[in-house]
Student: 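I have a structure here, written as structure tokens, and I will follow up with some questions on it.
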Amino acid sequence: MEKGYWKDYQKAIATDNYFYERSCIRQTFFPGSENAFIKIIREELGLKIIDDKNLHTCSGIGYYSGIVPLETTMTVIARLFSLMSETSSRNFVSSCVTSFGLINEVLDMWEHFPEKLESTRYYLKEATGRSFELPHNVAHSSDIIYLHRKALKKKMIYSLVNKKTGEPLRVVEHIGCHYAKIFPQHGVGGAEFPQVLAGIIKEWGGQVIDYPERRHCCGFGFRQYLIMANRGYSIANSKKKFESMKPYKPDFIISNCPGCSMFMDRWQYTIAEMEGVTYDDEQKGIPVLTYEELTGILLGYNPWELGLQLHQIQCEPLLDKIGIPYIIDKKYIGKSGKKLNHPLKPKNIIA
Amino acid sequence: MIDYYSLLRRDIRFVEGLNACMNCGVCTAICPAAEFYNYDPRSICNILMTKDNEKIEHLLKTDSIWYCGQCLSCKTRCPRGNVPALLISALRHLSQVTGLFTNSEKGRQQYAIFKTIGENIINTGYCIHLALINLKLHPEQGPVMVWYKENAEDVTDLLGANYNKLGEGALRKISQDNLDELKKIFNITGGTDLYNSINKYSKTKAKELNINCEDTIENSAYFFHVFLSKE
């Protein structure tokens with residue numbers, strides 16, 4: 001009998017004609033990443049992606065913090081589906097891991113409790129006059145990059161190889177809890193064998209670090225981070241991951257989830273300020289990239305137009321390792337070329 | 001006494017989340033919250049399976065239901081298909097609609113989440129937006145974020161965003177007709193009722209504690225009381 005175990009770790013990803021759902025966190029902290037994603041889909045891959053001006057939050061952060069009822073969140077998501085239904089696309093692509101997980105959860109609940117789907121249709125109609133169709137395919141935006149990783153590789157100027165040593169860069173990848181822990185069958189590689197970022201890293205020449213706390217939560221915890229009194233939860237969980245990955249000397253971290261990307265960047269800074277500890281050998285910290293930023297720099301996009309200057313842990317050491325040129329004097333400018341002031345430097349981390 | 005168990009059974013998250021727990025404790029072993037707090041999702045399942053309304057009422061009044069980080073790691077691991085995180089969501093909802101959340105320090109923090117994330121959603125259509133981040137509440141964001149906020153228009157323009165303007169793009173202003181529809185959705189589905197419940201019970205608690213609870217965050221001593229857990 002043919003072994004079919006790995007079928008459990010595959011997922012169907014739509015090949016074209018995407019409806020893009022923007023992420024509150026990614027827009028806020030990494031607006032260049034969302035811009036780059038659309039550019040990559042349209043200009044590098046020649047595919048169709050719809051960016052709707054009427055988009056709004058899925059309410060996920062409020063829902064997982066307990067302040068938004070399930071019925072409200074279902075109807076807010078139904079409105080997003082209604083916007084999609086007005087277009088030619090039925091391939092819903094979420095920029096946010098939490099939104100991706102929540103949408104899969106809502107679809108799963110509608111399947112188990114069809115009366116909830118009917119009541120959601122009623123609520124949406126009553127509130128807005130709208131109706132909606134269900135998506136044919138739901139993907140996270142990293143799934144799309146994963147699907148097209150080979151085509152993108154052909155267009156890349158750089159690879160994940162240390163220019164000086166010729167060795168593959170050592171990469172920590174973090175897929176985020178809500179990508180595959182809620183529904184492993186909806187994540188490439190499931191929760192056990194995460195491939196969505198690992199496959200990209202390997203395809204583009206890097207080496208994936210399989211460290212003990214690879215699957216541990218970054219520590220967002222919604223209400224645990226949002227409330228200052230609870231933030232110890234958040235930083236403690238990230239610290240556990242940093243300590244676990246440190247012996248493997250990662251060149252950088254790539255994260256699937258916009259929240260995880262931000263936390264693993266900011267908590268390195270905070271730990272350095274609080275305890276004088278960094279998790280690299282040069283007291284600079286480990287750069288944390290989004291997958292759009294990684295794709296963009298390897299394609300030769302200007303790092304400052306991708307938004308690498310918005311990271312608290314500076315990314316220049318990584319650019320130097322890959323051999324990507326950049327103009328440091330253009331790091332802090334506006335679009336018109338206006339020179340901006342520079343951020344203050346942290347005390348305990350070299351920036 | 002209120003039949004809390006029957007109320008919980010009306011929540012599909014409760015129906016989905018509790019099948020037949022065999023007390024193996026895998027959920028507690030994998031739980032990031034259990035590692036940080038004195039929290040045990042296994043015991044939450046245990047209490048709920050008793051269907052004992054006195055025990056459930058006690059649970060609704062305690063910090064225990066507010067420790068979970070909703071990572072859903074428990075869903076992946078439970079050999080019986082239970083989901084303690086879904087049970088926690090149902091318990092949190094019931095605690096807020098009954099007002100019992102103000103009995104615990106962690107429960108009272110819901111007021112601060114309502115005043116930040118909750119009002120953000122209704123007023124702007126975003127849970128979080130660059131313009132809405134109050135860095136006084138987020139010192140961990142560091143000096144680059146301070147710089148980014150100070151130069152938001154110039155920087156977001158360079159990055160191809162559409163900062164606070166109507167139309168497509170990252171960080172765009174969401175138009176009033178979209179916000180009106182969101183508001184109507186909240187009204188008809190119980191979202192506004194839950195906001196009102198959190199607000200009403202929190203103001204009652206603030207009065208009981210003799211702490212000022214103004215509607216604006218800056219002038220609300222109660223907001224900072226719960227945000228910083230000044231107990």
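Just so we're on the same page: letters track the sequence lines, and every chain starts at 1. Values below: all heavy atoms of this structure, side chains included; hydrogens, waters and symmetry mates excluded.
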Student: Using heavy-atom distances under 4.5 Å, tell me whether B:Leu194 contacts chain A through its side chain, its backbone, both, or neither.
Tutor: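 Contact with chain A is through the side chain of B:Leu194 alone.
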Student: Counting heavy-atom pairs closer than 4.5 Å to chain A, which one of B:Val155, B:Leu158, B:Thr156, B:Leu166 comes out on top?
Tutor: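 Looking at each option in turn, the highest pair count goes to B:Leu158.
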Student: When only pairs under 4.5 Å are counted, which of B:Ile121, B:Ile174, B:Ile113 shares the most heavy-atom pairs with chain A?
Tutor: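 Heavy-atom pair counts peak at B:Ile113.
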Student: Testing the basics here: between B:Asp154 and A:Leu340, what is the closest heavy-atom pair and its distance to 0.1 Å?
Tutor: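 Looks like OD2-CD2, 3.7 Å.
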Student: Quick one about B:Thr76 and A:Lys181 (side-chain donor to acceptor, distance below 3.5 Å, no hydrogens or angles considered), yes or no?
Tutor: no
Student: Does any backbone or side-chain atom of B:Cys68 lie under 4.5 Å from a heavy atom of chain A? Answer side chain, backbone, both or neither.
Tutor: backbone
Student: Does the side chain of B:Leu86 reach to within under 4.5 Å of the side chain of A:Glu105, using non-hydrogen atoms?
Tutor: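 Yes - at least one pair of side-chain heavy atoms lies under 4.5 Å apart.
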Student: Heavy-atom distance under 4.5 Å to chain B: side chain of A:Phe222, backbone, both or neither?
Tutor: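 Contact with chain B is through both the backbone and side chain of A:Phe222.
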Student: Quick check on the interface: out of B:Gly118, B:Ala112, B:Ala152, B:Ala33, who has the most heavy-atom pairs with chain A under 4.5 Å?
Tutor: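 Highest number of heavy-atom pairs under 4.5 Å: B:Ala33.
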Student: Quick one: what part of A:Lys116 sits under 4.5 Å from any heavy atom of chain B, side chain, backbone, both or neither?
Tutor: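 For A:Lys116, the side chain is the part near chain B, not the backbone.
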Student: Does any pair with a residue in residues 218-231 of chain A pass side-chain hydrogen bond (donor to acceptor under 3.5 Å, both in side chains), and if so which ones, sequence neighbours excluded?
Tutor: A:Arg223-B:Gln109, A:Arg223-B:Gln110, A:Gln224-B:Tyr37, A:Tyr225-B:His138, A:Tyr225-B:Glu140, A:Tyr225-B:Gln141, A:Asn230-B:Lys106, A:Asn230-B:Gln109, A:Arg231-B:His138, A:Arg231-B:Glu140
Student: In terms of heavy-atom proximity below 4.5 Å to chain B, should A:Met74 be classed as side chain, backbone, both, or neither?
Tutor: side chain
Student: Please look at A:His216 and chain B and tell me whether the side chain, the backbone, both or neither of the residue comes under 4.5 angstrom of a heavy atom of that chain.
Tutor: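 Contact with chain B involves the side chain of A:His216 alone.
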Student: First locate atom CG of B:Asn120, then atom CD1 of A:Ile61, and finally report the distance between them rounded to the nearest 0.5 Å.
Tutor: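 Interatomic distance, B:Asn120 CG to A:Ile61 CD1, rounded to 0.5 Å: 9.5 Å.
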Student: Can you name the closest pair of heavy atoms from A:Met228 and B:Pro139 and give their distance?
Tutor: CE-CD, 3.6 Å
Student: About how many Å separate CD1 of B:Ile117 and OH of A:Tyr64, when rounded to the nearest 0.5 Å?
Tutor: 15.0 Å
Student: Does this structure show an ion pair linking A:Glu71 with B:Arg13, if we count only N-O contacts that are shorter than 4.0 Å?
Tutor: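 Judged by the 4.0 Å cut-off on N to carboxylate O distance, A:Glu71 and B:Arg13 do not form a salt bridge.
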Student: Identify which part of B:Ile133 has an atom lying under 4.5 Å from any heavy atom of chain A, answering side chain, backbone, both or neither.
Tutor: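 Side chain only.
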Student: Is it the side chain or the backbone of A:Tyr332 that comes within 4.5 Å of chain B heavy atoms, both, or neither?
Tutor: both
Student: With the side chain counted from C-beta on, respond yes when A:Gln309 and B:Tyr148 share a heavy-atom pair under 4.5 Å apart, and no when they do not.
Tutor: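 Heavy-atom side-chain distance check fails, nothing below 4.5 Å.
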Student: May I ask you to name which of B:Gly190, B:Ser197, B:Ala131, B:Cys71 has the most heavy-atom pairs under 4.5 Å with chain A?
Tutor: B:Cys71
Student: Measuring heavy-atom distances to chain B, does A:Asp51 have an atom under 4.5 Å in its side chain, in its backbone, in both, or in neither?
Tutor: both
Student: Quick check for you: among A:Glu34, A:Glu273, A:Lys240, A:Glu126, which has the greatest number of heavy-atom pairs under 4.5 Å with chain B?
Tutor: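 Looking at each of A:Glu34, A:Glu273, A:Lys240, A:Glu126 in turn, A:Lys240 comes out on top.
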Student: Who among A:Cys24, A:Gly32, A:Ser95 has the most heavy-atom pairs with chain B under 4.5 Å?
Tutor: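 Among A:Cys24, A:Gly32, A:Ser95, the one with the most close pairs to chain B is A:Cys24.
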Student: Give me the atom names and distance for the closest heavy-atom approach of A:His311 to B:Val144.
Tutor: O-CG2, 3.8 Å
Student: Side chain from CB out, backbone as N, CA, C, O: work out which of these in A:Leu124 comes under 4.5 Å of a heavy atom of chain B, or both, or neither.
Tutor: side chain
Student: Please report the shortest heavy-atom distance between A:Ile227 and B:Phe227, naming the atom on each side.
Tutor: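 Of all heavy-atom pairs spanning A:Ile227 and B:Phe227, the closest is CG2-O, 3.4 Å.
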Student: What distance do B:Gln70 atom CD and A:Cys177 atom SG have between them, rounded to the nearest 0.5 Å?
Tutor: 11.5 Å
Student: Examine whether an atom of A:Thr270 lies under 4.5 Å from a heavy atom of chain B, and if so say whether it belongs to the side chain, the backbone or both; otherwise answer neither.
Tutor: side chain
Student: Report which part of B:Leu132 has an atom under 4.5 Å of a heavy atom belonging to chain A: side chain, backbone, both, or neither.
Tutor: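 Neither part; nothing is under 4.5 Å.
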Student: Just by distance, do the side chain of A:Asn35 and the backbone of B:Leu159 share a donor-acceptor pair under 3.5 Å?
Tutor: yes
Student: By a 4.5 Å heavy-atom criterion (distance strictly below it), what part of B:Thr116 contacts chain A: side chain, backbone, both, or neither?
Tutor: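 Neither part.
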Student: Is B:Phe101 close to chain A through its backbone or its side chain, or both, or neither, when contacts mean heavy atoms under 4.5 Å?
Tutor: neither
Student: Which pair of non-hydrogen atoms, one from A:Asn341 and one from B:Trp147, has the smallest distance, and what is that distance?
Tutor: O-NE1, 2.6 Å
Student: How long is the gap from CG on B:Asp157 to OG on A:Ser336, to the nearest 0.5 Å?
Tutor: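 Those atoms lie 7.5 Å apart.
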Student: Check this for me: A:Glu192, atom CD, are more than 12 non-hydrogen atoms of other residues, nucleotides or ligands nearer than 6.0 Å?
Tutor: yes
Student: Given a strict heavy-atom distance threshold of 4.5 Å, which part of A:Gln314 is in contact with chain B: side chain, backbone, both, or neither?
Tutor: side chain
Student: At a heavy-atom distance under 4.5 Å, which candidate from A:Gly307, A:Gly190, A:Ala36, A:Gly232 has the highest pair count against chain B?
Tutor: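 Among the listed options, the one with the most contacts to chain B is A:Gly232.
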Student: Is there a side chain to side chain contact (heavy atoms under 4.5 Å, CB included) between B:Tyr126 and A:Thr28? Walk through the geometry before answering.
Tutor: CA-CA 10 Å; B:Tyr126 290 90; A:Thr28 294; 5.9 Å; no
Student: Among A:Gly221, A:Gly334, A:Pro343, which residue forms the greatest number of heavy-atom pairs with chain B at distances under 4.5 Å?
Tutor: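 Sorted descending by pairs with chain B, the first entry is A:Pro343.
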Student: Side chain from CB out, backbone as N, CA, C, O: work out which of these in B:Glu153 comes under 4.5 Å of a heavy atom of chain A, or both, or neither.
Tutor: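 For B:Glu153, no heavy atom lies under 4.5 Å from chain A.
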Student: Select, from B:Glu16, B:Met145, B:Glu150, the one with the greatest count of heavy-atom pairs under 4.5 Å involving chain A.
Tutor: B:Glu16
Student: Chain A: which of B:Gly167, B:Gly169, B:Gly160 shares the most heavy-atom pairs with it under 4.5 Å?
Tutor: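 The candidate making the most pairs under 4.5 Å is B:Gly169.
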Student: If I compare all heavy atoms of A:Gln27 with all of B:Leu171, which pair ends up nearest, and what's the gap?
Tutor: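 Closest approach of A:Gln27 to B:Leu171: OE1-N, 2.8 Å.
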Student: When heavy-atom pairs shorter than 4.5 Å are enumerated against chain B, which of A:Leu55, A:Thr73, A:Leu83, A:Val76 gives the highest number?
Tutor: A:Leu55
Student: Working to the nearest 0.5 angstrom, can you tell me the gap between A:Thr75 OG1 and B:Ile185 CD1?
Tutor: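 Spacing of OG1 (A:Thr75) from CD1 (B:Ile185) equals 6.0 Å.
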Student: With a cut-off of 6.0 Å (strictly less than), are more than 12 heavy atoms of other residues, nucleotides or ligands near NZ of A:Lys330?
Tutor: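 Atom NZ in A:Lys330 is not packed in, count stays at 12 or less.
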Student: May I ask you to name which of A:Ser33, A:Ala127, A:Pro184 has the most heavy-atom pairs under 4.5 Å with chain B?
Tutor: A:Ala127
Student: Using the salt bridge (Lys or Arg N to Asp or Glu O under 4.0 Å) rule, collect all pairs that involve residues 166-195 of chain B, keeping only residues at least two apart or in two chains.
Tutor: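 Those involving residues 166-195 of chain B are A:Arg79-B:Glu181, A:Arg130-B:Glu181.
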Student: At what distance, to the nearest 0.5 angstrom, does CG of B:Asn151 lie from CD1 of A:Ile333?
Tutor: 12.0 Å
Student: Using heavy-atom distances under 4.5 Å, tell me whether A:Tyr233 contacts chain B through its side chain, its backbone, both, or neither.
Tutor: both
